[in-house]
Amino acid sequence: MTRVPQFPMTDHGSSVLLNTGAHMPLLGLGTYRLRGPEDTYQAVDAALTAGYRAFDTAAVYCNEADLGQALRTLLPKHGLSRADVFITSKLSPKDQGAKARDGCLRSLEQLGLDYIDLYLIHWPGTQGVAVGDKRNRKNRSQSWATLEDFHMEGKFKAIGVSNYTVKHMQELLKACRVVPAVLQVEFHPRHTQKELRALCEESGVCFQAYSSLGTGVLLTDPVVQAVAERCGRTPAQVLLRWALQQNVPVLPKSAKPDRVQDNGRLFDFELSDSDMARLSSLECGEKFCWDPSLVV
């Protein structure tokens, strides 16, 4: 079983090495549902205080500009520079295909950055196109070619995808000029995505988790609560640590500063092999988020 070294959050021991040669922190702040400059500022301030050095946004979150402004204000306060943080954003499904270049440029402009550390295709489908329409395949291929161009120009230091299935990944890997650095998908004890993880490992793609708490449902799961009580930790910390001990980066999200800080306290304890097995035994294929399997 892979163990996460217990180093300070600024140390590369708490990061994964991407196929680009860059280090990506194992812990990042998810910003989905963060709305407005004030909430974004408070969450980012709490995250930086707690040692977070990665921040995940997306065009569809409508907060790229707020995140960029918060970081420009807060990095000096915390004695940090742009090079000390890892920023991820994602292409909107409405910009899939011919509009991809405009979407990429818009993300750079909204964030106020010369480069983005990681840029993802957010969804394998196209907004306004039926999931069974073969144009989805052509559009995401065109989007990927655009991301490859931005990567080669140095504007995106790494590129990847989100919500891709095994089928989508196999299709991409056969045709790409640049192998994706990251696949970001739903991952938690009830949905462990074993086949997808194996494909990523074989292909040198970092498998990253979102919705580690199962949209909050898993916080009340009896097994999760029992492990948390035994460890003297919160259910959220247990679920996040379960992923980290498998070398899977996580992106907990919250607008509440105290919860942001609690979710970051993951590197001073370890789950036993038996606790890891108990949590993994919850696997039942249950998803709580979007299902990309119908997108052709």
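Residue numbers run from 1 in the order of the sequence given.
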Pair R265 + D262, salt bridge at N-O below 4.0 Å: yes

Could you tell me whether the side chain of Q110 and the main chain of E64 form a donor-acceptor pair under 3.5 Å? no

For residues V296 and R137, determine if any side-chain heavy atom of one lies less than 4.5 Å from a side-chain heavy atom of the other. yes

Return yes if some donor-acceptor pair links the side-chain N/O of D56 with the main-chain N/O of S89 below 3.5 Å, else return no. no

Do any N or O atoms from the side chain of Q96 and from the backbone of W123 form a donor-acceptor pair under 3.5 angstrom? yes

Would you find more than 12 non-hydrogen atoms of other residues, nucleotides or ligands less than 6.0 Å from K138 atom NZ? no

Which atom names give the shortest non-hydrogen contact between E148 and V178, and what distance separates them? OE2-N, 2.7 Å

I'd like to know whether CD of E283 has more than 12 heavy-atom contacts from other residues, nucleotides or ligands below 6.0 angstrom. yes

Do any N or O atoms from the side chain of N139 and from the backbone of G97 form a donor-acceptor pair under 3.5 angstrom? no

Ring geometry between F187 and W242 (parallel below 30°, tilted from 30 to 60°, perpendicular above 60°): parallel

Counting C-beta onward and ignoring hydrogens, is there a side-chain heavy-atom pair between P124 and N136 closer than 4.5 Å? no

Side-chain ion pair, D275 and R241, N-O less than 4.0 Å: no

State plainly whether the residues D133 and R135 are in salt-bridge range, i.e. N to O under 4.0 Å. yes

List the steps and the verdict of ring-ring contact (aromatic ring centres under 6.0 Å, His included) for H23 and F86. CA-CA 9 Å; H23 289 268; F86 189 100; over 10 Å; no

Do T49 and H78 have side-chain heavy atoms sitting under 4.5 Å apart? yes

So, are R101 and D149 salt-bridged, with charged N and O less than 4.0 Å apart? no

Using a 6.0 Å cut-off, check whether atom CD of E286 has over 12 heavy atoms from anything other than its own residue. yes

Regarding R233 and D268, does a basic nitrogen lie under 4.0 Å from an acidic carboxylate oxygen? yes

Grab the two heavy atoms, one from C289 and one from S211, that are nearest each other, plus how far apart they are. SG-OG, 3.4 Å

For R190, I'd like to know if atom CZ has over 12 heavy atoms of other residues, nucleotides or ligands within 6.0 Å. yes

Other residues, nucleotides, ligands: >12 heavy atoms within 6.0 Å of D114 CG: no

Would you verify whether the NZ or CZ of K155 falls within 45 degrees of the ring axis of Y115 while also being under 6.0 Å from that six-membered ring's centre? no

Spacing of NZ belonging to K94 relative to NE2 belonging to H122, to within rounding of 0.5 Å: 13.5 Å

Of all heavy-atom pairs between V44 and F55, which one has the smallest distance, and what is that distance? CG1-CE2, 3.9 Å

Donor-acceptor under 3.5 Å (T192 side chain, P189 main chain): no

Are L74 and L34 linked, directly or through other ILVMFWY residues, by side chains that come within less than 4.5 angstrom of each other? no

Mark yes or no for whether Q261, through its side chain, and A50, through its backbone, hold a donor-acceptor pair below 3.5 Å. no

Do you see a donor-acceptor pair shorter than 3.5 Å between the side chains of S92 and D95? no

Quick one, K157 and H151 - any side-chain contact, counting heavy atoms below 4.5 Å? no

Any residue meeting side-chain hydrogen bond (donor to acceptor under 3.5 Å, both in side chains) with K194, in chain and number order, not counting sequence neighbours: none

Hey, what do you get for CZ (R82) to CG (L113), rounding to the nearest 0.5 Å? 5.0 Å

Side-chain donor-acceptor pair present, Q142, T146, cut-off under 3.5 Å: no

Non-hydrogen atoms of V205 and V182 that approach each other most closely: CG1-C, 3.7 Å

What I'd like to find out is whether the side chain of K287 reaches to under 4.5 Å of the side chain of H191, using heavy atoms alone. yes

What's the separation between atom CG in L173 and atom OG in S203, rounded to the nearest 0.5 Å? 4.5 Å

Atom pair CG (L91) and CZ (F150), whose distance is rounded to the nearest 0.5 Å: 10.0 Å

Of C206, P249, S162, the one forming a side-chain contact (heavy atoms from CB on, under 4.5 Å) with Q184 is S162

Say you draw a straight line from NZ of K99 to CG of L105; how long is it, rounded to the nearest 0.5 Å? 15.0 Å

Is the closest side-chain donor-acceptor distance between Y119 and S107 under 3.5 Å? yes

Quick one, K77 and L48 - any side-chain contact, counting heavy atoms below 4.5 Å? no

Can you find a heavy atom in the side chain of L244 that is under 4.5 Å from one in the side chain of F267? yes

Any donor and acceptor pair, going by atom type alone, linking the side chain of R177 with main-chain N or O of A145 inside 3.5 Å? yes

Starting at CG of L218, measure out to CG of L282 and round the result to the nearest 0.5 Å. 7.5 Å

Donor-acceptor pair, distance only, cut-off 3.5 Å: does the side chain of Q193 make one with the backbone of E186? yes

Any donor-acceptor N/O pair, N63 side chain to R35 backbone, under 3.5 Å: no

K253 side chain reached by Y210 side chain, heavy atoms, under 4.5 Å: no

Between V60 and P93, what is the shortest heavy-atom contact and its length? CG1-CD, 3.7 Å

Please check: side-chain N/O of E109 versus main-chain N/O of L111, any donor-acceptor pairing under 3.5 Å? no

